[in-house]
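Since the structure comes first, as structure tokens, the remarks are kept for the end.
Values in this document were obtained by computation on a predicted structure and should not be read as measured data.
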Amino acid sequence: MTAARENHREAVAGRSDVEDTAELLAYYDDLERLKAGALWTIANKIEPWEPVSRYSPVLWPYKEMRGHVLRAIDLVTPEKAGRRVIYLNNPGAGDRAACVGGIYSGLQVMKAGETASAHAHSTSAMRFIMEGKGAYTIVDGHKMTLGANDLVLTPNGTWHEHGIDPNGTTCIWQDCLDIPLVNSLEANFYAVHPDLHQKVGYPVDDTKYTFGAPGLQPQVAWDKRYSPLYKYEWGPTYEALVKYSKVTAGSPYDGILMNYVNPLNNGPVMLTLGASMQLLRPGEKTKAHRHTGNVIYQVAKGSGTSIINGKRFDWQEKDIFCVPAWMFHEHANGSASDDACLFAFNDFPVMNALGLYREEAYGDNGGHQKIEA
């Protein structure tokens, strides 16, 4: 008799509920030999009632990660490694090297005077600076100087490289790329600059001075599909959040949240990756909600707690944690006297562009999850 095989039955009207028989099992074998199969055996699996993420919520404590990241300095050079990075690998990622969903994340470290060769790829990337002084990035000839909690873009297809000024200090930043997404689409290309390094062709920090004035748009032609403001500085970002907090109650789910946007159209900074910064006022506790799309949080300021699908995660400055798609989550500032800020990478631009974004509030217990024992 032919052995039993995959068959995801559900005794619900409108769903597949076909019972295996010897004749059907033999039929499935015939289909398999033709590299085909019966949809009704897997329909309920590939079209679930709601998203079921393969990924787990994870917190990476910076105090534990930092020593291992710094140790890489003595073990490999940027020249040999290409990029000296320790990547964050979610238990559900398998061989995808994903932090969560279609998003890759890693911690890159460079010491004073080091440079990494220029390269370009199909994937989009963002960097959020964690510590150190003297870091810089060059994107298509535009050089940006970087400080702690600054965000810098290296859009897909652009030549880009990183380095630390000889008078700087060892720097660590978080890299975020859409590598798993682009690889799943089988659309990834990679190139090394023919000269290994590009020439700086513009005044340093020119994109900031050109496109960084709030409410003002320069008379400059720009036909790219990503933001021309390559660098978003921490100082003005935090100031904007504090000012906004004085005139709004904020979101019951996210506190005071602002998205990093393309200053020319107020859209996302890139087509596949978005970023935001949110402020939690002293003692603030948000209500739980869930949404399609994945988020990687980095604690920019303060300390607190997040509950993700009933599991508690305590965080402090520079810790990183992820919220997989369609998992309830809520945040709480652990201080009664100081605010806390959470920076976030996300894939919301993809969800919105494809019409797949969906959000739902947690309806029980006053909007707060019960913590699993």
Side-chain angles (χ1 to χ4, degrees), residues 48-66 68 86-94 96-107 128 174 176 180 250-255 257 276-281 283-336 339-348 351 357-373:
W49 290 99
E50 62 183 23
V52 180
S53 180
R54 63 189 283 186
Y55 297 92
S56 303
V58 180
L59 184 142
W60 290 269
Y62 188 68
K63 285 187 176 180
E64 295 182 27
M65 292 291 300
R66 184 176 184 272
H68 295 288
I86 305 303
Y87 70 92
L88 307 180
N89 200 36
N90 194 290
R96 300 185 78 201
C99 179
V100 65
I103 312 176
Y104 159 97
S105 176
L107 302 185
F128 191 74
Q174 183 183 181
C176 173
S251 163
Y253 310 108
D254 290 306
L257 185 145
S276 66
M277 183 76 76
Q278 64 195 88
L279 181 148
L280 301 173
R281 288 167 283 208
E284 184 170 13
K285 296 181 179 180
T286 70
K287 293 183 177 181
H289 71 149
R290 61 182 178 179
H291 45 65
T292 52
N294 301 272
V295 182
I296 301 172
Y297 288 97
Q298 184 184 129
V299 185
K301 183 177 185 290
S303 60
T305 298
S306 293
I307 312 299
I308 308 171
N309 257 24
K311 187 175 181 180
R312 174 175 174 149
F313 296 86
D314 295 318
W315 41 259
Q316 54 188 308
E317 192 169 314
K318 297 184 177 66
D319 286 353
I320 297 170
F321 63 97
C322 67
V323 176
W326 208 240
M327 289 192 181
F328 283 113
H329 55 283
E330 59 193 277
H331 310 295
N333 184 349
S335 173
D339 57 37
C341 292
L342 295 174
F343 170 81
F345 296 114
N346 62 63
D347 57 8
F348 295 164
M351 298 297 114
Y357 185 81
R358 189 167 174 175
E359 186 174 348
E360 180 179 276
Y362 188 78
D364 299 330
N365 196 33
H368 296 286
Q369 305 167 78
K370 294 182 179 179
I371 301 175
E372 296 177 358

Between Lys311 and Glu372 (salt bridge meaning N to carboxylate O under 4.0 Å), is one present in this structure?
no
Answer yes or no: is there a donor N or O on one side and an acceptor on the other, between the side chain of Arg281 and the main chain of Asp339, under 3.5 Å?
no
Minimum side-chain heavy-atom gap Phe343-Gln278 below 4.5 Å
no
Please round to the nearest 0.5 Å and tell me the distance separating atom CG of Leu257 and atom SG of Cys341.
10.5 Å
Minimum-distance pair of heavy atoms, taken over all atoms of Cys176 and Ile103
SG-CG2, 3.3 Å
Under the salt bridge (Lys or Arg N to Asp or Glu O under 4.0 Å) test, which residues partner Asp319, sequence neighbours left out?
none
Just do the side-chain contact (heavy atoms from CB on, under 4.5 Å) check on Lys318 and Lys301 with the steps written out, would you?
CA-CA 8 Å; Lys318 297 184 177 66; Lys301 183 177 185 290; over 6 Å; no
To the nearest 0.5 Å, what is the distance between CG (Asn333) and OG (Ser303)?
7.0 Å
Shortest non-hydrogen separation from Asp314 to Thr305 and the atoms involved:
OD1-OG1, 2.8 Å
Parallel, tilted or perpendicular, as decided by the 30° and 60° cut-offs, for the rings of Phe128 and Phe345
perpendicular
Ring centroid separation His329 to Tyr253 under 6.0 Å
no
So, do Ile320 and Gln174 sit near enough that their side-chain heavy atoms are less than 4.5 Å apart?
yes
Between Glu330 and Ser306, does any side-chain donor sit less than 3.5 Å from a side-chain acceptor?
no
Let me confirm one number: the CH2-CG distance from Trp60 to Asn90, rounded to the nearest 0.5 Å.
5.5 Å
Looking at Tyr362, I'd like to know if its OH atom is crowded, meaning that more than 12 non-hydrogen atoms belonging to other residues, nucleotides or ligands lie closer than 6.0 Å.
yes
Does the side chain of His291 come under 3.5 Å of the side chain of Glu360 through a donor N or O and an acceptor N or O?
no
Sub-4.5 Å side-chain heavy-atom contact between Leu107 and Met65
yes
For residues Gln316 and Val299, determine if any side-chain heavy atom of one lies less than 4.5 Å from a side-chain heavy atom of the other.
no
Close side-chain approach of Leu88 and Tyr104, heavy atoms under 4.5 Å
no
Once rounded to the nearest 0.5 Å, what's the spacing between atom OH of Tyr297 and atom SG of Cys322?
11.0 Å
Taking side chain as C-beta onward, heavy atoms only, is Ile371 less than 4.5 Å from Ile307?
yes
Is the ring pair Trp315/Phe321 parallel, tilted or perpendicular, if the boundaries are 30 and 60 degrees?
parallel
To the nearest 0.5 Å, what is the distance between CG on Leu59 and CZ on Phe313?
7.0 Å
Atom pair CD (Gln369) and CZ (Arg290), whose distance is rounded to the nearest 0.5 Å
10.0 Å
Minimum side-chain heavy-atom gap Leu279-Met277 below 4.5 Å:
no
Name all residues meeting the side-chain hydrogen bond (donor to acceptor under 3.5 Å, both in side chains) criterion together with Trp326; count only those two or more places apart in sequence or in a different chain, and write none if there are none.
Glu50
Flag side-chain contact, heavy atom, 4.5 Å: Pro57 against Val323:
no
For the aromatic rings, using the six-membered ring if either is Trp, is the centroid distance between Tyr357 and Phe348 under 6.0 Å?
yes
